[in-house]
A.B. asks: 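Pasting a structure here, questions to come.
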Number of protein chains: 2
Amino acid sequence: MRRTKQRQAILNQLLSSDGPLSVNEVHERASSELSGLGMATVYRTIKALKDEGVISVVELPGEDPRYESAELGHHHHFRCLSCEQTFDLGACPVGIPRGTTLPGGYTVEDHSLTLYGRCAACPAN
Amino acid sequence: MRRTKQRQAILNQLLSSDGPLSVNEVHERASSELSGLGMATVYRTIKALKDEGVISVVELPGEDPRYESAELGHHHHFRCLSCEQTFDLGACPVGIPRGTTLPGGYTVEDHSLTLYGRCAACPAN
DNA sequence: GTAGATGCAAACGCTTTGCCGCTTA
DNA sequence: TAAGCGGCAAAGCGTTTGCATCTAC
C-alpha cells in the first residue's frame with residue numbers, strides 16, 4: 001500500500017481520535033488537513049485499511065458505521081446525546097461469559113453494549 | 001387510520017412475532033398472507049404505526065432497523081449467528097443505573113445491549 | 001360519495017465503480 | 001516508467017414520494 005498524503009491524513013484522524021469516526025467525520029477532519037480530499041477516496045481508503053486489518057468497524061444502533069484502530073481490544077462505547085460524539089470506554093460491565101445459556105435456550109458467544117448520556121464537556125442542561 | 005387488509009396483514013406479523021422484524025421480513029411474511037403487497041405500502045404503514053405509537057423501532061448494530069410492539073418494556077435482544085433471527089430477551093443484565101458517572105466524566109442515562117450466539121433451534125455446529 | 005390507502009414508477013441520497021490523468025517508489 | 005492512487009461523474013441500491021386508481025367508511 002502506497003504512502004500518499006491522502007492516506008496519511010485519513011489514518012492520522014482515525015488513530016488520533018478518542019472514539020471511532022464515521023466516513024463523514026473522517027472526511028471532514030481529514031479535509032481540514034488536506035483540502036480537496038474526495039469522498040470516494042475516503043470510502044476506498046477506509047475499505048482498504050479495514051481489509052488490511054489496520055482499522056475495525058464499530059456498529060452502533062441506528063448510526064452509520066464508524067472506524068477505529070484495530071489495536072483496541074474488547075471495549076464498548078459511549079454516545080453523548082448532546083454533542084453526538086462517540087467515545088471509547090474501558091471497562092466491560094456485562095457479566096455474561098461466553099457459553100452462558102439463557103432461559104429460552106440462547107447460547108451467548110458475544111455481546112455489544114452502547115451507553116448513552118452526557119460526556120464531561122457537555123453540561124447537564 | 002383505516003382498517004385495510006394490507007394493514008391488517010402487516011400488523012399481524014409485527015404483533016405475533018417473537019422478536020422485532022425488519023421491513024423486508026414484514027414484507028416477506030405479510031406477502032405470504034396477502035400476495036401482491038407492495039413494498040411502499042409496508043414502508044408507509046410501518047411509518048404510520050410508529051408515528052401512532054403502536055410499534056417502536058429497534059436498532060441493532062449493523063442491522064437494518066426492526067420494529068415490534070410498543071407495549072414491550074425495557075428489554076434487550078438476542079441475535080442468532082446461525083439463522084440470523086432476532087429474539088426478545090427478558091432480563092437486563094446491565095448493572096448501570098441512570099445517573100451513574102463513569103471514569104472520564106460520562107453520565108449514563110440509557111444503554112443498549114445486544115447478545116449474539118445460537119438460538120435453541122440452531123445446533124451448536 | 002369522498003377522504004384516505006394502494007401500487008407503480010420516478011425521485012432521492014448515500015455508497016460504489018469506471019475512467020483517466022497524476023503520483024509514488 | 002509503470003502500477004497504484006485520486007478525483008470526478010456515472011451507476012447502484014434501498015427508501016421515499018407523486019400520481020392515478022381503488023376502497024373503506
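Quick note on labels: first sequence line is chain A, next is B, and so on, each numbered from 1.
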A.B. asks: Grab the two heavy atoms, one from A:D88 and one from A:P20, that are nearest each other, plus how far apart they are.
C.D. replies: OD1-CD, 3.6 Å

A.B. asks: Should the heavy atoms of other residues, nucleotides or ligands under 6.0 Å from CD of B:E52 be counted, would the total exceed 12?
C.D. replies: yes

A.B. asks: What's the closest nucleotide to the side chain of A:T4 if the choices are C:dA5, C:dT24, D:dA9?
C.D. replies: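 The closest nucleotide is C:dT24.
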
A.B. asks: Where do A:H74 and A:C92 come nearest, in terms of heavy atoms and distance?
C.D. replies: NE2-SG, 3.4 Å

A.B. asks: Do side-chain atoms of A:S22 reach the backbone of A:E25 as a donor and acceptor pair under 3.5 angstrom?
C.D. replies: yes

A.B. asks: What's the separation between atom CZ in A:R118 and atom CD in B:E109, rounded to the nearest 0.5 Å?
C.D. replies: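 One gets 6.0 Å once the value is rounded to the nearest 0.5 Å.
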
A.B. asks: Starting from the C-alpha separation in whole Å, work towards a yes-or-no answer on side-chain hydrogen bond (donor to acceptor under 3.5 Å, both in side chains) for B:H75 and B:E68.
C.D. replies: CA-CA 12 Å; B:H75 67 288; B:E68 67 185 1; 2.9 Å; yes

A.B. asks: Whole Å only: how far is the CD atom of A:Q8 from the P atom of C:dT23?
C.D. replies: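 Interatomic distance, CD of A:Q8 to P of C:dT23: 17 Å.
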
A.B. asks: Which ILVMFWY residues are connected to A:L102, directly or by a chain of links, through side-chain heavy atoms under 4.5 Å apart?
C.D. replies: A:F78, A:F87, A:L89, A:V94, A:I96, A:Y106, A:V108, A:L113, A:L115, B:F78, B:F87, B:L89, B:V94, B:I96, B:L102, B:Y106, B:V108, B:L113, B:L115

A.B. asks: Given that B:R3 and A:K5 both sit by DNA chain D, which one's nearest nucleotide is further toward the 5' end?
C.D. replies: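 The 5'-side residue here is A:K5.
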
A.B. asks: Check every atom of C:dG7, D:dG6, D:dC8 against the side chain of B:Q6 and return the nucleotide holding the closest atom.
C.D. replies: C:dG7

A.B. asks: Roughly, in whole Å, what's the span from NZ in B:K47 to C1' in D:dT17?
C.D. replies: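 Value for this atom pair: 12 Å.
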
A.B. asks: With a 4.0 Å cut-off on N to O distance, would you call A:E63 and A:R79 a salt bridge?
C.D. replies: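 So A:E63 pairs with A:R79 through a salt bridge.
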
A.B. asks: What nucleotide, of C:dT6, C:dG4, D:dG7, holds the atom closest to the side chain of B:R2?
C.D. replies: C:dG4

A.B. asks: Whole angstroms only, please: what is the CZ-P distance between A:R44 and C:dC14?
C.D. replies: 19 Å

A.B. asks: Heavy-atom contacts under 4.0 Å between residues 23-39 of chain A and DNA chain D, which residues?
C.D. replies: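 Hits under 4.0 Å, by residue number: A:G36, A:L37, A:G38.
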
A.B. asks: Please tell me whether B:H76 and A:H111 form a close aromatic pair, meaning their ring centres lie under 6.0 Å apart.
C.D. replies: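 Ring-ring flag for B:H76/A:H111: false, centres at least 6.0 Å apart.
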
A.B. asks: Starting at atom CG of B:L49, determine the distance to atom P of C:dG4, rounded to an integer number of angstrom.
C.D. replies: 17 Å

A.B. asks: Below 4.0 angstrom, which residues in residues 51-67 of chain B have at least one non-hydrogen atom near DNA chain C?
C.D. replies: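 None, since no heavy atom is under 4.0 Å.
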
A.B. asks: Starting the side chain at C-beta, find the nucleotide from C:dA5, C:dT24, D:dG6 nearest to B:R7.
C.D. replies: C:dA5

